[in-house]
Amino acid sequence: KFIEGTAYIIMKVVETRDPYSIGHQKRVSKLATAIAQEMKLPQDKIEGTRIASLVHDIGKVNLPTEIISKPGKLIEVEFNLIKNYPKVGYDILKKIDFPWPVAKIVLQHHEKINGSGYPRGLKGDKILLEAKIICVADVVEAMSSHRPYRPALGIDKALDEISQNKGTLYDPEVVVACLILFKEKEFKF
């Protein structure tokens with residue numbers, strides 16, 4: 001339960017900095033955990049996914065609020081700051097002795113399987129499965145929620161996005177599990 005408490009504190013810190021993110025990490029965690037279960041992963045991988053997804057945005061504490069809640073398009077220098085936030089999250093979390101590779105999962109949650117992600121441009125099996133799961137859950141949650149720079153796009157658009165980029169940006173097995181949850185198992189945030 002101590003780990004739970006630590007994750008909760010981290011989650012609240014992020015929400016204080018970014019009011020638009022209230023509930024975001026919790027919803028991503030709910031979906032990521034469900035995907036991991038749907039994929040029949042071992043219990044410790046499911047738990048690692050759950051905890052890492054609760055704190056995946058911790059690196060945002062390093063970002064200026066103007067960037068976090070900017071209504072317009074980001075300029076390159078702002079986007080470069082954003083691309084660094086998973087590394088900031090990693091640096092914060094690596095000091096905590098979690099029983100799962102939480103820091104590494106957080107570091108990799110914006111990597112894409114074709115190498116087009118950030119911060120390291122990792123490809124395929126160089127990315128932890130837990131990070132691939134959070135990546136998909138994060139995209140689906142973000143697209144179906146309101147953001148300072150755009151209205152909610154809705155769940156159908158989000159599921160189209162992951163379907164169309166299955167195997168290029170997103171891990172195919174993760175995408176399939178996510179689609180089953182929404183289309184057959186009536187998953188709701």
Side-chain angles (χ1 to χ4, degrees), residues 1-61 68 85-86 89 93 96 98-112 127-147 150-163 165-166 169-189:
K1 282 299 156 224
F2 180 70
I3 290 173
E4 205 72 27
T6 306
Y8 180 79
I9 291 166
I10 293 170
M11 189 177 80
K12 284 296 172 203
V13 167
V14 177
E15 292 186 350
T16 310
R17 287 274 309 175
D18 178 9
Y20 274 95
S21 78
I22 290 179
H24 166 71
Q25 295 182 110
K26 207 176 246 159
R27 288 191 297 271
V28 169
S29 186
K30 184 181 175 186
L31 177 54
T33 306
I35 292 172
Q37 287 165 334
E38 182 60 37
M39 292 173 75
K40 311 263 187 291
L41 297 189
Q43 196 50 45
D44 73 308
K45 273 210 185 318
I46 295 172
E47 266 305 275
T49 301
R50 186 175 75 82
I51 295 294
S53 54
L54 278 176
V55 301
H56 72 274
D57 279 343
I58 181 60
K60 285 190 175 169
V61 296
I68 295 177
Y85 95 80
L93 294 165
I96 304 175
F98 288 109
W100 317 278
V102 171
K104 207 168 166 192
I105 297 168
V106 167
L107 176 65
Q108 297 180 358
H109 82 276
H110 275 292
E111 300 287 358
K112 302 290 190 288
I127 308 165
L128 292 171
L129 181 55
E130 298 94 322
K132 293 174 183 173
I133 291 172
I134 294 172
C135 177
V136 167
D138 197 20
V139 166
V140 171
E141 198 287 332
M143 286 184 72
S144 52
S145 303
H146 180 75
R147 286 289 179 269
R150 56 146 179 82
L153 300 166
I155 195 65
D156 293 334
K157 275 246 167 57
L159 298 179
D160 282 350
E161 159 65 24
I162 62 168
S163 303
N165 293 293
K166 176 177 130 185
L169 302 180
Y170 313 113
D171 183 279
E173 284 179 70
V174 176
V175 170
V176 167
C178 185
L179 295 172
I180 288 171
L181 288 173
F182 281 97
K183 297 190 174 189
E184 294 169 29
K185 307 211 165 162
E186 290 170 16
F187 179 90
K188 296 259 185 298
F189 286 115

K.L.:
Please give me the minimum heavy-atom distance between Lys166 and Pro172, naming the atom from each residue.
P.N.:
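Scanning both residues completely, I find the closest heavy atoms to be CG-CA, 3.7 Å.
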K.L.:
Hey, mind stepping through Ile133 and Leu41 against side-chain contact (heavy atoms from CB on, under 4.5 Å) and telling me if it holds?
P.N.:
CA-CA 11 Å; Ile133 291 172; Leu41 297 189; 3.7 Å; yes
K.L.:
Working note: Ile162 + Val140, criterion side-chain contact (heavy atoms from CB on, under 4.5 Å); need CA distance, chi angles, decisive distance, verdict.
P.N.:
CA-CA 8 Å; Ile162 62 168; Val140 171; 4.0 Å; yes
K.L.:
Could you grab the distance from atom OG of Ser29 to atom CD1 of Ile134, nearest 0.5 Å is fine?
P.N.:
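Nearest 0.5 Å value for the OG-CD1 distance: 7.5 Å.
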K.L.:
Taking all atoms of both residues into account, what is the closest heavy-atom pair of Gly23 and Glu15, and its distance?
P.N.:
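Taking Gly23 first and Glu15 second, the nearest heavy atoms are N-OE2, 2.9 Å.
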K.L.:
Given side chains that start at C-beta, do those of Tyr170 and Lys112 come closer than 4.5 Å, heavy atoms only?
P.N.:
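Heavy-atom side-chain distance check passes, below 4.5 Å.
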K.L.:
State, to 0.1 Å, how close Asp57 and His109 come at their nearest heavy-atom pair, and which atoms those are.
P.N.:
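Closest pair (atom of Asp57, atom of His109, distance): OD1-NE2, 3.9 Å.
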K.L.:
Out of curiosity, Ile22 CD1 to Met11 CE, how far, rounded to the nearest 0.5 Å?
P.N.:
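The CE atom of Met11 is 10.0 Å from CD1 of Ile22, to the nearest 0.5 Å.
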K.L.:
So, Lys157 and Asp160, do they make that salt bridge, N to O below 4.0 Å?
P.N.:
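Looking at Asp160 together with Lys157, the answer is no, because their closest N to O distance does not fall below 4.0 Å.
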K.L.:
Let me confirm one number: the NZ-CD distance from Lys132 to Glu111, rounded to the nearest 0.5 Å.
P.N.:
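So the gap between those two atoms works out to 11.0 Å.
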K.L.:
So which atom in Val106 and which in Ala52 form the shortest heavy-atom distance, rounded to 0.1 Å?
P.N.:
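Scanning both residues completely, I find the closest heavy atoms to be CG2-O, 3.9 Å.
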K.L.:
Closer than 3.5 angstrom, by distance alone: can the side chain of Asp171 be matched with the main-chain N or O of Val174 as a donor-acceptor pair?
P.N.:
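Side chain of Asp171 to backbone of Val174: a pair is present.
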K.L.:
Using a distance-only test with no angle check, is there a side-chain donor-acceptor pair under 3.5 angstrom linking Asp138 and His24?
P.N.:
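Asp138 vs His24: donor-acceptor pair found between side chains.
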K.L.:
side-chain contact (heavy atoms from CB on, under 4.5 Å), that's the test. Do His56 and Ile105 meet it? Break it down for me.
P.N.:
CA-CA 8 Å; His56 72 274; Ile105 297 168; over 6 Å; no
K.L.:
Sequence neighbours excluded, which residues qualify as ring pair (Phe, Tyr, Trp, His ring centres under 6.0 Å) partners of His110?
P.N.:
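Residues passing ring pair (Phe, Tyr, Trp, His ring centres under 6.0 Å) with His110: Tyr85, Tyr118.
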K.L.:
Gln25 versus Val28: any side-chain heavy-atom pair under 4.5 Å?
P.N.:
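Result no, sub-4.5 Å side-chain heavy-atom pair not found.
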K.L.:
Side-chain donor-acceptor contacts of residues 179-189 below 3.5 Å, not counting sequence neighbours, with atom names and distances?
P.N.:
{"unit_1": "Lys185", "atom_1": "NZ", "unit_2": "Glu38", "atom_2": "OE1", "d": "2.8"}

K.L.:
Should we say atom CD of Glu47 is surrounded by more than 12 heavy atoms from elsewhere, each under 6.0 Å from it?
P.N.:
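Yes.
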K.L.:
Would you say that Met39 contacts Leu129 through its side chain, given a criterion of any heavy-atom pair below 4.5 Å between the two side chains?
P.N.:
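Yes; the side chains approach each other to less than 4.5 Å.
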K.L.:
Distance check, rounded to the nearest 0.5 Å: Cys135 atom SG versus Leu128 atom CG?
P.N.:
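It comes to 12.5 Å.
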K.L.:
Is the backbone N or O of Lys45 less than 3.5 Å from a side-chain atom of Thr49, with the two atoms forming a donor-acceptor pair by type?
P.N.:
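At least one qualifying donor-acceptor pair exists.
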K.L.:
When rounded to the nearest 0.5 angstrom, what distance separates NZ in Lys104 from CG in Leu107?
P.N.:
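Between atom NZ of Lys104 and atom CG of Leu107 there are 8.5 Å.
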K.L.:
First locate atom CG of Leu31, then atom OG of Ser53, and finally report the distance between them rounded to the nearest 0.5 Å.
P.N.:
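Reported to 0.5 Å precision, the distance equals 9.0 Å.
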K.L.:
Locate the shortest heavy-atom distance separating Lys26 from Leu54; write the atom from each residue and the value.
P.N.:
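Closest approach of Lys26 to Leu54, heavy atoms only: CA-CD2, 4.1 Å.
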K.L.:
Search all heavy atoms of Ser21 against all heavy atoms of Val14 and return the closest pair with its distance.
P.N.:
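So the minimum-distance heavy-atom pair works out to OG-O, 3.9 Å.
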K.L.:
Passes side-chain contact (heavy atoms from CB on, under 4.5 Å), Glu4 versus Ile51? Steps please.
P.N.:
CA-CA 8 Å; Glu4 205 72 27; Ile51 295 294; 4.1 Å; yes
K.L.:
Would you find a donor on one side and an acceptor on the other, under 3.5 Å apart, between the side chain of Trp100 and the backbone of Asp44?
P.N.:
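Side chain of Trp100 to backbone of Asp44, a donor-acceptor pair under 3.5 Å: yes, one is there.
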K.L.:
Any ion pair linking Arg50 and Glu130 (charged N to carboxylate O, less than 4.0 Å)?
P.N.:
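No salt bridge links Glu130 with Arg50.
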K.L.:
Judged by modelled atom types alone, do Glu141 and Ser145 share a side-chain donor-acceptor pair under 3.5 Å?
P.N.:
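There is such a pair (donor and acceptor under 3.5 Å, judged by atom type) between the side chains of Glu141 and Ser145.
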K.L.:
Which residue, Ile3, Ile58, Thr6, Leu93, forms the side chain to side chain contact (heavy atoms under 4.5 Å, CB included) with Val102?
P.N.:
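Among Ile3, Ile58, Thr6, Leu93, the one that satisfies the side chain to side chain contact (heavy atoms under 4.5 Å, CB included) with Val102 is Leu93.
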K.L.:
Quick one: does Glu161's side chain get under 4.5 Å of Asn165's, heavy atoms only?
P.N.:
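Sidechains of Asn165 and Glu161: in contact.
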